[in-house]
Number of protein chains: 2
Amino acid sequence: MNIGIDMMGGDYAPLEAVRGLRLYLDEPNVNDPATLFCIGQQEHVVPLLEQHGLHAHPQIKVIPAPEVIGYNEHPTKALKEKQQSSIAIGFYLLATGKVDAFLSAGNTGAMLVGAMYSIKAIEGVQRPTIATFLPKLNGGTGLLLDVGLNADCKPEHLNQFALLGSLYASNILGIPDPRVALLNVGEEESKGNLLAQATYPLLKENKQLHFTGNVEGRDVFQDKADVIVCDGFTGNIVLKMAESFYDIAAERKLAQDEYLQRFHYENYGGTPVLGVSKPVIIGHGISNAKAFKNMIHLGEKMVSSAFCDAIRSSFTQSSTGQ
Amino acid sequence: MNIGIDMMGGDYAPLEAVRGLRLYLDEPNVNDPATLFCIGQQEHVVPLLEQHGLHAHPQIKVIPAPEVIGYNEHPTKALKEKQQSSIAIGFYLLATGKVDAFLSAGNTGAMLVGAMYSIKAIEGVQRPTIATFLPKLNGGTGLLLDVGLNADCKPEHLNQFALLGSLYASNILGIPDPRVALLNVGEEESKGNLLAQATYPLLKENKQLHFTGNVEGRDVFQDKADVIVCDGFTGNIVLKMAESFYDIAAERKLAQDEYLQRFHYENYGGTPVLGVSKPVIIGHGISNAKAFKNMIHLGEKMVSSAFCDAIRSSFTQSSTGQ
């Protein structure tokens, strides 16, 4: 298996990316490790690989990419003009089958544009989406989506996010028959804004889902659902509030609490772009070594479980009226 | 000054309401206390007043209301059919000038319907709104609105919420020249869903506001703005997530933390219905004695500062093109 890694993306790149490779390759349980295609500026990446004893490692392959897309660059423009950038080359390798998955903690917009235009959405998926993990008070982990890719949504989009989230929860997180809920302002079916009111019956009638009804803001960290669906505006605000929990905990010197620790989102790794035809993972800008290692594992899991095929198959089912 | 209190509203009514009156009247700094019109079922209220030594208190006046509107009753229907309920009688007293403010921790819907139809919105106010307090990490307190009254909003509604929130912050909370921000998914002007994108220029051009731009979910508890504006769907979810902080803190045995204490929303009292022609305050269902006391103080402050007149005057200004 070949995993493409943008060595230049992230606030602490390429150092944390290199340290992430080291963590991944040092794991005793990696029997059949992936080959890691390290895409980036050779003059920065190679010395770090050498320092970490990785330059001659059989699983490491350096792919030179002389250009870098910065955080504040316009995604479409940058991808077009910087074809020798690590993100553009990563998508080229993915599109041509040289790598099986591509991950980056770089410019999120450029990663999304690349995912949409170089490898494209799976047929039937109207809007690819991104999810975040929700640490549950009972120790479990839930999913929330969309968290920012689609600020304005139609009911059918939310219905599709529900299916994408449900497949992610079952195939990647190993949650059997995931419970799906709609984020809303009350529990009753009639509650909500026009979007939520129109989405509820779609979810209720969707036979591919185990829909359990509405959940409220107070339920986000409770074990009421495995997958919570909402528009990307609301989801982004919920995600960033959740991220701020950890900062509040740190400020109040409560960050040693085992549960609040789980709000330390930089440990999680990245989120897949759900609904595109090949595995693409976007990491947080502040990704650390552990996050990079986790992203490699996520990529492996998406490839080995043929996750994109599972989505393809479910969306073929739904478009044929099931 | 006369304050009408629904003694039957709230999960712990009428006991916590009575204990709230006791707290209010026991305060050493109340030189010229309001007369408290205690509206409710005599057979329940009077014995409790007697137990708390309040039955013959010169500031206490019992107003019999044989009926009660329950939590799950349909607001419009209940108000129409139960004209002898504490909420219906409270609004009658308010509308006829027998009391200067009316407060209840009862059926929120019935309180809102009563506010809209018995005393009505101030001329020019398209949508009355409700706000919540946001405890800031630096010790300050901000406002967020709308938090649930208006699930679907137009840009002009958010522009009006901004003015109502700004007037509340300056007149009642004593924050001079309050900074107003728009809740959004990014800091740049162009960010957001269609609503946020269309609202930004209205706020920017509104000369009655000190608009400081967008804030994100991570900024909600930071000192970036005094008043944060959003639609009622988003605001309700943010509010309920914030409320769940306290439960999380309690579950994790961190509730003794001074900052997390401030998420104990039942202490806050109620929220005024902003934009209606007389002072109406809605309390949380779980309001305790301290919350009732705080609601009485809020009612006093709204009356003594002629808050509704300040709104009236500002909305006259805005409708004449200033």
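Each chain gets a letter, A, B and so on, in the order the sequences are listed, and its residues count up from 1. All values below come from the heavy atoms of this structure, side chains included, with hydrogens, waters and symmetry mates left out.
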Proximal component of [X], with respect to chain B [non-hydrogen, under 4.5 Å]:
X        : answer
A:Asn184 : both
A:Phe221 : side chain
A:Gln222 : neither

Most contact-rich option vs chain B, by heavy-atom pairs under 4.5 angstrom, among A:Leu183, A:Thr234, A:Asp152, A:Asp231, is A:Asp152

To the nearest 0.5 Å, tell me how far [X] [atom1] sits from [Y] [atom2].
X        : Y        : atom1 : atom2 : value
B:Tyr259 : A:Ile248 : OH    : CD1   : 4.5 Å
B:Lys253 : A:Leu254 : NZ    : CG    : 14.5 Å
B:Phe245 : A:Met241 : CZ    : CE    : 4.5 Å

Those residues of residues 153-166 of chain B that come under 4.5 Å of chain A on a heavy-atom basis, listed by number, are none

For chain B, which residues from [range] lie under 4.5 Å away (heavy-atom distances)?
range                       : answer
residues 187-196 of chain A : A:Gly192, A:Asn193, A:Leu194, A:Ala196
residues 104-117 of chain A : none
residues 136-145 of chain A : A:Leu137

Under 4.5 Å to a heavy atom of chain A? For B:Leu260 that would be side chain

Nearest heavy-atom approach of B:Gly217 to A:Ser244 is O-OG, 4.4 Å

When every non-hydrogen atom of A:Lys240 is compared with those of B:Val185, the smallest separation belongs to NZ-O, 2.9 Å

**Prompt:** More than 12 non-hydrogen atoms from neighbouring residues, nucleotides or ligands closer than 6.0 Å to CD on B:Glu258, yes or no?
**Reply:** no

A:Glu216 side chain reached by B:Ile237 side chain, heavy atoms, under 4.5 Å:
no

